[in-house]
S.K.: 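I have a structure here, written as structure tokens, and I will follow up with some questions on it.
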Protein chains: 2
Amino acid sequence: MSSKLKELEEKLDPRVKRTRNLILTSFQSLLTEKGFESVSVQDVTNKAEINRVTFYAHFSDKYELLDYTVQKAFMSEVEKRNLNMCSYSPDNLRNLILIVCEFLVTLHSRCAQPHEQFESLVEGTFKKHLFELLSRWLKESKLPTELPATVATWAIYGLATHYSHLKKRPALETFVDEAFPLVAVNLEQFA
Amino acid sequence: MSSKLKELEEKLDPRVKRTRNLILTSFQSLLTEKGFESVSVQDVTNKAEINRVTFYAHFSDKYELLDYTVQKAFMSEVEKRNLNMCSYSPDNLRNLILIVCEFLVTLHSRCAQPHEQFESLVEGTFKKHLFELLSRWLKESKLPTELPATVATWAIYGLATHYSHLKKRPALETFVDEAFPLVAVNLEQFA
DNA sequence: TAACATAAACAACGTATGTAGTGTAGTTTA
DNA sequence: TAAACTACACTACATACGTTGTTTATGTTA
């Protein structure tokens, strides 16, 4: 899945790779500086030292750029922890919850004044991939998996959002201990 | 809560009420015609026959307008079914799930090509109110309610989104029968 | 009804967006 | 290495956004 994506990316024209990376890194550093809402396409292309029009050859707008960024970040996390090709187990679930929490905490620290609109956008992208992953985990089951996978996806993302918004965050492990059973109830039949 | 809001609105300058209504109805009909993404502030004010600048005296942008619209719609649904001031019971939960599903189905029928960004925005607003409602339901409990309320909020909204996106939707009652236990597991301790 | 307060209209401005056309320079393939 | 391809730069344009200042009209209060 994501390895296919990598292959595709590696075969690209070096100019394209270069430009895309310039856009990505400029975008990320601007995100930390000023926050998503106040970053313009102009800003990105200025920092990347490319022409503004070139930007539109790669992304249709800054929302698609955000999408792409989030997707890349999530996939690299998942691969790092080898969660991509496994099936449901309590341990895997714990790790997954953990990843999502970490991801959102990091996101908040790396993005100045993350406002609602921004978070909504990230959420949409992120959940899509989370759902795919969970569906893969439950795939071998003979039971219907759509609804449990849906509930789990949303519950995990919801809990992680909650955690990342707390003023005084407890230790991540502590939180995951509390959160885990709330998600696991509906998945245990697949263990 | 929402009654307070109504009181406030009724004391408004008639000119304000008039203008706001013009904006709201124009917006809604444009939503059905062209879909959220392709509606501009200009469009709204043209149809409402007010000056574009006047719009900004009422809403800071079209996103805030959407926010306001969703909020009003949700609250009126909740009040219609008297779900506002009660506490957790299986029956209330069923009705709540039902409302949310209906809301999203209606939304899709009333909005041309609802795209991701649009749905994300609706979701943000909607979940905020859903969470408040559920928290109110669980309030009297001595148990901690934050995490269960969070999970329930997200699970309900997730399931409703899933339902509203199905090509061939089963009868609403049937779906709610399936969905209900997945949400209720974590709330039964409050019954 | 007179005095006051303020909502809305109108004109004008600077900025960001997204698109189109043309030329140039870097990349791939034969 | 020559030919074909295409990513990028640059110019230009039409459109939408959000704000400011001024005037007019409508509503409120004394």
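For clarity, every value in this text was computed on a predicted model and none was experimentally measured. Residue numbering restarts at 1 for every chain, and letters A, B, ... go by the order of the sequence lines.
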S.K.: Can you tell me which nucleotide in D:dT19, C:dT19, C:dT27 comes closest to the side chain of B:R52?
M.R.: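 So the nucleotide nearest the side chain must be D:dT19.
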S.K.: Mind calculating the distance between CZ (A:R18) and P (C:dA25) to the nearest angstrom?
M.R.: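 It is 15 Å, rounded to the nearest whole Å.
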S.K.: Does the distance from a Lys or Arg side-chain N to an Asp or Glu carboxylate O, for A:D177 and A:R94, drop under 4.0 Å?
M.R.: yes
S.K.: For C:dA8, take OP1 and OP2 only and decide whether either is under 4.0 Å from a side-chain N or O of B:H58.
M.R.: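 Indeed, a polar side-chain atom of B:H58 lies that close.
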S.K.: Of the nucleotides C:dA9, D:dC8, D:dA7, which has the atom closest to the B:I50 side chain?
M.R.: C:dA9
S.K.: Without decimals, in angstroms, what is the distance between A:D61 CG and D:dT15 C1'?
M.R.: 16 Å
S.K.: Starting at the 5' end of DNA chain D and moving along, which residue's nearest nucleotide shows up first, B:V53 or B:P14?
M.R.: B:V53
S.K.: Picking from C:dA7, C:dG18, C:dG26, which would you name as closest to the side chain of A:R15?
M.R.: C:dG26
S.K.: Could you check how far NZ of B:K34 sits from P of D:dA16, rounded to whole Å?
M.R.: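 Going from B:K34 (NZ) to D:dA16 (P), I get 8 Å.
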S.K.: OH of B:Y63 versus P of D:dG18: gap in Å, rounded?
M.R.: 9 Å
S.K.: Check this for me, if you would: do B:E116 and A:K128 make a salt bridge, where the nitrogen-to-carboxylate-oxygen distance has to be below 4.0 angstrom?
M.R.: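 So B:E116 pairs with A:K128 through a salt bridge.
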S.K.: Output the single nucleotide from D:dG18, D:dA7, C:dT17 whose closest atom is nearest the side chain of A:Y56.
M.R.: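 Nucleotide nearest to A:Y56's side chain: C:dT17.
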S.K.: Mind calculating the distance between CD (B:E64) and C1' (D:dC17) to the nearest angstrom?
M.R.: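 Roughly 15 Å, once rounded to whole Å.
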S.K.: Salt bridge between B:R110 and B:E33, side-chain N to carboxylate O under 4.0 Å?
M.R.: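 Result for this pair is no, no salt bridge flagged.
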S.K.: Are A:N46 and A:R52 linked by a side-chain donor-acceptor pair shorter than 3.5 Å?
M.R.: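 Looking only at side-chain atoms, A:R52 and A:N46 do not form any donor-acceptor pair under 3.5 Å.
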S.K.: D:dC17, C:dA8, D:dG27: which one has an atom nearest the side-chain heavy atoms of B:D13?
M.R.: D:dG27
S.K.: Round to a whole Å and report the spacing from CD of A:E49 to P of D:dA9.
M.R.: 10 Å
S.K.: How many whole angstroms separate atom CG of B:N51 from atom C1' of D:dT20?
M.R.: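 About 13 Å, once rounded to whole Å.
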S.K.: Expressed as a whole number of angstroms, how long is the span from A:F55:CZ to C:dA20:C1'?
M.R.: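 A:F55 atom CZ is separated from C:dA20 atom C1' by 18 Å.
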S.K.: Does any N or O in the side chain of B:K62 come within less than 3.5 Å of the main-chain N or O of B:V44, such that one atom is a donor and the other an acceptor?
M.R.: no
